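Residue numbers count from 1 along this sequence. This one's a predicted model, so the numbers in the text were calculated from it and none came from an experiment.
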Amino acid sequence: MGLLLLVPVLLHAQDVIGIPVGETPPAVTLESLTGDSVPLSQWIGKKPVIVEFWATWCPICAELLPRMETAQRKYGDRAAFLVVAVAVNQSKSTVRRHLERNPMPFTFLWDGNGAAVRAFQAPSTSYIAVLDAKGKVVYTGVGADQNIEAAIERAVGAARAAKSH
């Protein structure tokens, strides 16, 4: 787990943040917060997917929350919103308690062994990857000022264009 930076770094000079756009992340299986195995293939490759790497202690994740909630209200019927709770300075029970106090309208998954962090090459918490309906990455970003709706529109728009052909 030492690969996950705890403080997001500004990466404006570099185009690639995490997994490169156009790639398909390797298949990984995470856990639900109740301990069930959950393969990401349940969503990836079926509809657009938004994956946020998140922690209870991440202030930037808290700043991103209103943008994520707005996007989920607008696109929730057409895209899956997955939040991957990283196993750095938090436990599954810490995450469950946090969500009891602060409910959020997303599917939360536990990355206890770092499989998703490695698959998506997540550089930090607040990292978001958006995949189109075919499972290809169309956007990656990190930090509080991401335009999540524009990124999702890219994925949803690609799905619409594919259906009209």
Residues forming a ring pair (Phe, Tyr, Trp, His ring centres under 6.0 Å) with F108, sequence neighbours excluded: W54

Partners meeting side chain to side chain donor-acceptor pair (under 3.5 Å) with Q90 (sequence neighbours left out): T56

By salt bridge (Lys or Arg N to Asp or Glu O under 4.0 Å) - contacts of K74 (at least two apart): E149

Which residues share a side chain to side chain donor-acceptor pair (under 3.5 Å) with E69, sequence neighbours left out: none

Non-hydrogen side-chain atoms of M68 and I50 separated by less than 4.5 Å: yes

Set of side-chain contact (heavy atoms from CB on, under 4.5 Å) partners for A144, sequence neighbours left out: I60, E63

Partners passing ring pair (Phe, Tyr, Trp, His ring centres under 6.0 Å) against F81 (at least two apart in sequence or in another chain): none

Residue pairs involving residues 26-48 (criterion ring pair (Phe, Tyr, Trp, His ring centres under 6.0 Å); sequence neighbours excluded): none

Set of residues satisfying side chain to side chain donor-acceptor pair (under 3.5 Å) with respect to T29, sequence neighbours excluded: none

Within residues 26-44 or reaching into it, pairs that qualify as salt bridge (charged side-chain N to carboxylate O under 4.0 Å, His left out) - sequence neighbours excluded: E31-K92

Listed partners of A151 passing side-chain contact (heavy atoms from CB on, under 4.5 Å), at least two apart: V130, Y139

Side chain to side chain donor-acceptor pair (under 3.5 Å) against T107, all qualifying residues, sequence neighbours excluded: none

Return a table of donor-acceptor pairs under 3.5 angstrom between the side chains of residues 94-101 and protein atoms on other chains or two or more places apart.
unit_1	atom_1	unit_2	atom_2	d
T94	OG1	S91	N	3.2
T94	OG1	S91	OG	2.7
R96	NH1	L33	O	2.4

Test item: L64 and E52 side chains (from C-beta on) under 4.5 Å apart, heavy atoms: yes

